[in-house]
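The structure under discussion appears below in the form of structure tokens.
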There are 2 protein chains.
Amino acid sequence: MIKLSTKGRYGTRLMLNLARHYKNDQQAVILKSVAEDEAISIRYLEQIVIPLKINHLVKSIRGAGGGYMLARKPSEIRVCDILQALEGSCSLVECVEDETFCDKIKTCGTYEIWKAATELLKNYFDRITLQDILEISDKKLAAAKKKSKAK
Amino acid sequence: MIKLSTKGRYGTRLMLNLARHYKNDQQAVILKSVAEDEAISIRYLEQIVIPLKINHLVKSIRGAGGGYMLARKPSEIRVCDILQALEGSCSLVECVEDETFCDKIKTCGTYEIWKAATELLKNYFDRITLQDILEISDKKLAAAKKKSKAK
DNA sequence: AATATTTCAACATAATTTTATAGGTTTTAT
DNA sequence: ATAAAACCTATAAAATTATGTTGAAATATT
Ligand code: FES
Ligand code: FES
């Protein structure tokens, strides 16, 4: 498996959850609620949200009545932004972004392969926004609902 | 980072190294030589080569004069075969190949995204063979040589 | 034919990173 | 004051990455 880490997966679901609650005068969503919705440990989510905040993808409000919210519109947050924030990069191998990572980069026969594959992924994640995911997800849920009703 | 594991990276380099020594009446390449060429620990390579052998991508000959060799022509071994052998899959997340992995797969909003991204990768790795990498790599080395000569 | 050497094979152990849990502190609304 | 929530630090569990040790099989050498 070319593994997308749990940080990346959980973090994207966290962001999607916040996106679902996004309105123009949005109210904060508490992590506890996200944790329950997504069946992910709160403690772990707390760690995951830190880099999202540092990278200005979410804002937080402390104290009672506080919580987290998207820092900007879902249509302005790309999957790539999320992965970049959580994993420091969107690439398959370090050397694609950090040329000093492998020292034999000049002669490595596989470099071009991982690089090309990374471009493919990046292009995709670059053009998918939370808004897109939201729409895809809504369609899916509506279809599932229709199906279960039809029974 | 959407991490391609060291197993995947080292394993592909191992296979590429064997491909370089591939001839019709091929002779076995010892791991020690691969380890030196690629600057990877022999002990680790020994572990990596096991699944490659189990999946019939390499053959081995024991004893003095022995070593490893490709089980078939470089043009008939795809990157996808290698990753599949080493990591059990070519996908970004388990649930794309094993629907029981995430239990909320029916409602998960991100599933479609990871699935589509996986298709992109798979299509690419499915059509790149060791022969292709060999040619890309040779061109690169030739260009590098030319450049250093020109100095 | 006996022995030594070479190599894969198997098993065990250590180090590191990722994943996950736990406990406490600070901030804020009520 | 109290409770709710983010925030911070530490630790535990698991997986990945890497090294070490011994054994078994085939070959080469004597
Ligand atoms: S240069 Fe980084 S994998 Fe080859
Ligand atoms: S990540 Fe597997 S179903 Fe959502």
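- The nearest whole Å value for the distance from the CG atom in A/L4 to the C1' atom in D/dA15 is 16 Å.
- Without hydrogens or angle criteria, A/R13 side chain to A/E38 main chain gives a donor-acceptor distance under 3.5 Å.
- Dashed line: the shortest gap from a side-chain N or O of A/T6 to OP1 or OP2 of C/dT19 is under 4.0 Å.
- No N or O donor and acceptor, one from the side chain of B/R43 and one from the base of C/dT13, sit under 3.5 Å apart.
- Side-chain N/O atoms of B/S5 include none lying less than 4.0 angstrom from OP1 or OP2 on D/dT16.
- When distances run from any side-chain atom of B/Y68 to the nucleotides D/dT17, C/dT21, C/dA9, the shortest one goes to C/dA9.
- Out of C/dT18, C/dA29, C/dT19, the shortest distance to the side chain of A/A64 is found at C/dA29.
- Atom P of nucleotide C/dA20 and atom CD1 of A/I40 are separated by 9 Å, given to the nearest angstrom.
- Formation of a donor-acceptor pair under 3.5 Å by the A/S41 side chain with backbone atoms of A/Y44 is found in this model.
- Going from atom CG of A/L45 over to atom P of C/dA20 covers 10 Å, rounded to whole Å.
- Rounded to a whole Å, the NZ atom of A/K7 is 13 Å from the P atom of C/dT17.
- In summary, A/R72 and A/D81 engage in a salt bridge, as defined by a charged side-chain N under 4.0 Å from a carboxylate O.
- Regarding contacts with the backbone of C/dA20, every side-chain N or O of A/S41 stays at 4.0 angstrom or more from both OP1 and OP2.
- At least one side-chain nitrogen or oxygen of A/Y10 sits closer than 4.0 Å to the OP1 or OP2 atom of C/dA20.
- Listed for the B/D98 side chain is a donor-acceptor partner under 3.5 Å among the backbone atoms of B/T100.
- Rounded to whole Å, the distance from CD1 on A/I61 to P on C/dT30 is 12 Å.
- Residues from residues 50-58 of chain A with heavy atoms under 4.0 angstrom of DNA chain C: there are none.
- For the pair B/Y44 OH and D/dT17 P, the interatomic distance rounds to 5 Å; values are reported in whole Å.
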Checking side-chain contact (heavy atoms from CB on, under 4.5 Å) for the pair A/M15/A/L57: CA distance, chi angles, key distance, verdict? CA-CA 9 Å; A/M15 291 296 280; A/L57 296 178; 3.7 Å; yes
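- Comment: A/E46 engages A/R43 in a salt bridge, judged by a side-chain N to carboxylate O separation of less than 4.0 angstrom.
- Between B/I48 atom CD1 and C/dA10 atom P the separation is 17 Å, expressed in whole Å.
- Between the CD1 atom of A/I30 and the C1' atom of C/dT28 there is a distance of 14 Å, given to the nearest Å.
- Contact annotation: side chain of A/E46 to base of D/dC8, donor-acceptor pair present below 3.5 Å.
- The side chain of A/Q47 lies closest to C/dA20 when the candidates are C/dA20, D/dA5, C/dT7.
- Counting heavy atoms from C-beta on, the side chains of B/C95 and B/Y111 come closer than 4.5 Å.
- A close approach under 4.0 Å does not occur between any side-chain nitrogen or oxygen of A/S60 and OP1 or OP2 of D/dA5.
- The nucleotide whose nearest atom lies closest to any side-chain atom of A/L31 is, among D/dA6, D/dA3, D/dA18, D/dA6.
- You'll find that the side chain of B/R62 is closest to D/dG23, out of D/dG23, D/dC8, D/dA18.
- Ion pairing of B/K140 with A/E112 is present here, as a side-chain N (NZ or NE/NH1/NH2) and a carboxylate O approach within less than 4.0 Å.
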